[in-house]
Protein chains: 2
Amino acid sequence: MTIITSKTNNLIKKTKKLLQKKHRSHSYLIEGWHLFTEAEQAGAVFNNIFVTSELADRVRGFEQVRLVTEDVLKTLTESPSPQGIVAEVAMPESAFPDWTAGRFLLLDDIQDPGNLGTMVRTAAAAGLTGVFISEKSADIYNQKTLRAMQGSHFYIPIYRTNLLEVCSQLQQHAVPVFATSLAKSALDYRKLPKTDNFAFIMGNEGQGISELLLQKADRLVHIPMPGETESLNVAVAAGIIIFSLI
Amino acid sequence: MTIITSKTNNLIKKTKKLLQKKHRSHSYLIEGWHLFTEAEQAGAVFNNIFVTSELADRVRGFEQVRLVTEDVLKTLTESPSPQGIVAEVAMPESAFPDWTAGRFLLLDDIQDPGNLGTMVRTAAAAGLTGVFISEKSADIYNQKTLRAMQGSHFYIPIYRTNLLEVCSQLQQHAVPVFATSLAKSALDYRKLPKTDNFAFIMGNEGQGISELLLQKADRLVHIPMPGETESLNVAVAAGIIIFSLI
């Protein structure tokens, strides 16, 4: 197999663009062996697999393998130390879920890719049905988000859409919508009734949940904190509530 | 007040060194107005307060204020957009806690500053007594750790020490030591008895808790995950368990 040694190779130039959100419409890049094997196990479709010669043997069975130099590989990742493999993965075409039942996480304008990715990972581990993210939330195919998701996004559908409409749809099907609030008048999360169907909204790190969405929620919920500092990271708060509900 | 305009000013050069762990023995740097006010409210001791002229009025009451240019301020922080203030804060001299009782979090070789900081924040919000971190854990005065702690470290003592010795001390005083484990034979965390005193160990992101510490623990605990991916971020897992225990 010929090895691509030039950073100005057309395929490399085209692929490199996928590091920017504006150029991602049907595919995205993952890096590292761990994420690659997760993708493979989940049945993801690879458009291209770029490897350095050290890893060539490990991807022998694949069709779309492109051998590249270490320097060329570096241009395809934001990581200072790529682990020998970058793959272009086709975005899944996920149909919207059955609205009549399920356990959903709704993320309103989450800013930090790490927080967004960590919440997707938690939702997948908890066996939720799907994650809805607002249009202004961080990008799910950002390298930092992908790192935080640890491959969990291969196992849970994620939809970027208008959360107010999602709430309306869910409520029409009698799926209760809960929202986190710092207000002490909100219900203690431990007193939420156990239910097979629910949607839970988590809000922006600084601003919380937008006013319109809060008004839309069926119930406001809070986490009582006995400590001197009453503040939790949003992904930690989501984990505490989700695992108390399942 | 004279304004420091040179990056080679002696005080600036000396202060800048505090960005590196090896130069921090008695003080560290915090940046941004939010963290500064948290520090002030918590009664932290400021050795120096560096501000740009825009913020000078807001720190009028303090003695150790140094006026600097935006360019000089930038050399004192790793943030690409410092918010006009960097302060040198004296490290607290915290005496070891009373071993006979309390609720402790033990962090074994936590690698990621964000995870470390987030767990300190969770421990503070939960009102735990103290956090012990192993010698190889990430630095608590790293700018990323400080950002994740959100000032919570002003309210909970943190000790860097040998965790095996901590366990021995706690166990001598009948404080049970729990450890997280991925083994399904471990106790479901929801079945842990409610107790006023406990210590909980969380392990390294990749390797988990070291073998010797695991053996030392009184009980192994795990979080059942009904999803297809059975993996949680360490700080989320810590949050779920800590809040189930308090």
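Lettering of chains follows the sequences in order, A, B, ..., and the numbering in each one begins at 1.
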If you count the non-hydrogen atoms of other residues, nucleotides and ligands that lie under 6.0 Å from CZ in R219(B), is the total more than 12?
no
Would you say the side chains of R121(B) and S231(A) form a donor-acceptor pair under 3.5 Å?
yes
Nearest-0.5 Å distance that lies between atom [atom1] in [X] and atom [atom2] in [Y]:
X: R147(A); Y: D112(B); atom1: CZ; atom2: CG; answer: 10.0 Å
X: E228(A); Y: Q41(B); atom1: CD; atom2: CD; answer: 11.5 Å
X: T229(B); Y: Y155(A); atom1: OG1; atom2: OH; answer: 8.0 Å

Determine which residues belonging to residues 187-197 of chain B lie within contact range of chain A, meaning some heavy atom pair is under 4.5 Å apart, and list them by number or answer 'none'.
Y189(B), R190(B)
Partner chain B: residue of G127(A), A123(A), G117(A) with the largest heavy-atom pair count (under 4.5 Å):
G127(A)
Among the listed options G114(A), A125(A), G239(A), the residue most often paired with chain B at heavy-atom distances under 4.5 Å
A125(A)
Side chain to side chain contact (heavy atoms under 4.5 Å, CB included) for T122(B) and L232(A)? Distances and angles first, verdict last.
CA-CA 6 Å; T122(B) 303; L232(A) 285 172; 4.0 Å; yes
Need one label for I156(A): side chain, backbone, both or neither, based on atoms under 4.5 Å from any heavy atom in chain B.
neither
Tell me, side chain or backbone of A126(A) under 4.5 Å from chain B's heavy atoms, or both, or neither?
backbone
Would you sort out whether V236(B) and T118(A) count as a side chain to side chain contact (heavy atoms under 4.5 Å, CB included), showing the intermediate values?
CA-CA 8 Å; V236(B) 171; T118(A) 301; 3.4 Å; yes
